[in-house]
Every structure is written in C-alpha cells, then in structure tokens.
Amino acid sequence: MVFGVQEITLAIIVGTLAAIVYSLRVLVLMERRIARIEGHIETVVNRVMKEELKIEKALKKRKR
C-alpha cells in the first residue's frame, strides 16, 4: 500500500495533535498533584504557626 504526500502529511498532523493532547493531559494531572501538595504544605504551616503562637504566649507569661 503506497501512501501519497497528502496521506503522510495528514498522518504527521494527526500524530502531532495526539501528542499535544496527551501532553496537556499529563500537565493537568501534574498540576492537580502540585495543588494537592501545596494544600498539605499549607496545612502543616498553619499547624506550625499555631504551635509557635502558643510558645510565644507561654514565654510572655514567664517573663512577667
């Protein structure tokens, strides 16, 4: 089966579009993972801040 220039060009274009769609899919999945990680980091930072505030209050009470 012999392909002409038009068929080869069309196959290249379709393949390129498929690669772009796949790359976008991977990027969306990675963005979701990063967002989830950022949420976990924010939770940990909030816990640390609460703990630091408790420590600061305790130190202020000792100084008085």
Side-chain angles (χ1 to χ4, degrees):
M1 183 176 199
V2 178
F3 292 113
V5 175
Q6 289 180 341
E7 287 84 7
I8 293 173
T9 305
L10 183 62
I12 291 171
I13 292 171
V14 169
T16 304
L17 288 175
I20 291 170
V21 169
Y22 179 77
S23 297
L24 287 174
R25 179 178 173 269
V26 170
L27 284 173
V28 167
L29 291 175
M30 290 300 292
E31 194 275 332
R32 288 180 185 170
R33 286 182 184 177
I34 291 171
R36 195 176 323 133
I37 291 169
E38 287 177 350
H40 292 305
I41 290 172
E42 187 175 339
T43 302
V44 170
V45 168
N46 286 335
R47 288 181 188 170
V48 170
M49 288 296 294
K50 286 180 184 178
E51 194 65 31
E52 285 190 14
L53 289 175
K54 287 180 186 178
I55 292 169
E56 286 178 5
K57 286 181 183 177
L59 288 175
K60 284 181 183 178
K61 286 181 181 178
R62 282 189 183 179
K63 287 184 179 180
R64 289 182 183 180

Original post:
Say you draw a straight line from CD of Gln6 to CG of Leu10; how long is it, rounded to the nearest 0.5 Å?
Top reply: 9.0 Å
Original post:
Only one of Ile37, Thr43, Val44 forms a side chain to side chain contact (heavy atoms under 4.5 Å, CB included) with Ile41, so which one is it?
Top reply: Ile37
Original post:
With the 4.5 Å side-chain cut-off for hydrophobic clustering, are Val21 and Leu27 part of the same group?
Top reply: no
Original post:
Atom NE2 in His40, atom CZ in Arg36: separation rounded to 0.5 Å?
Top reply: 6.5 Å
Original post:
Does any non-hydrogen side-chain atom of Val28 lie less than 4.5 Å from one of Arg32?
Top reply: yes
**OP:** Would you indicate whether the side-chain heavy atoms of Arg33 and Met30 approach each other to under 4.5 Å?
**Re:** yes
**OP:** With rounding to the nearest 0.5 Å, note down the distance linking CD in Glu31 to CD in Glu38.
**Re:** 8.0 Å
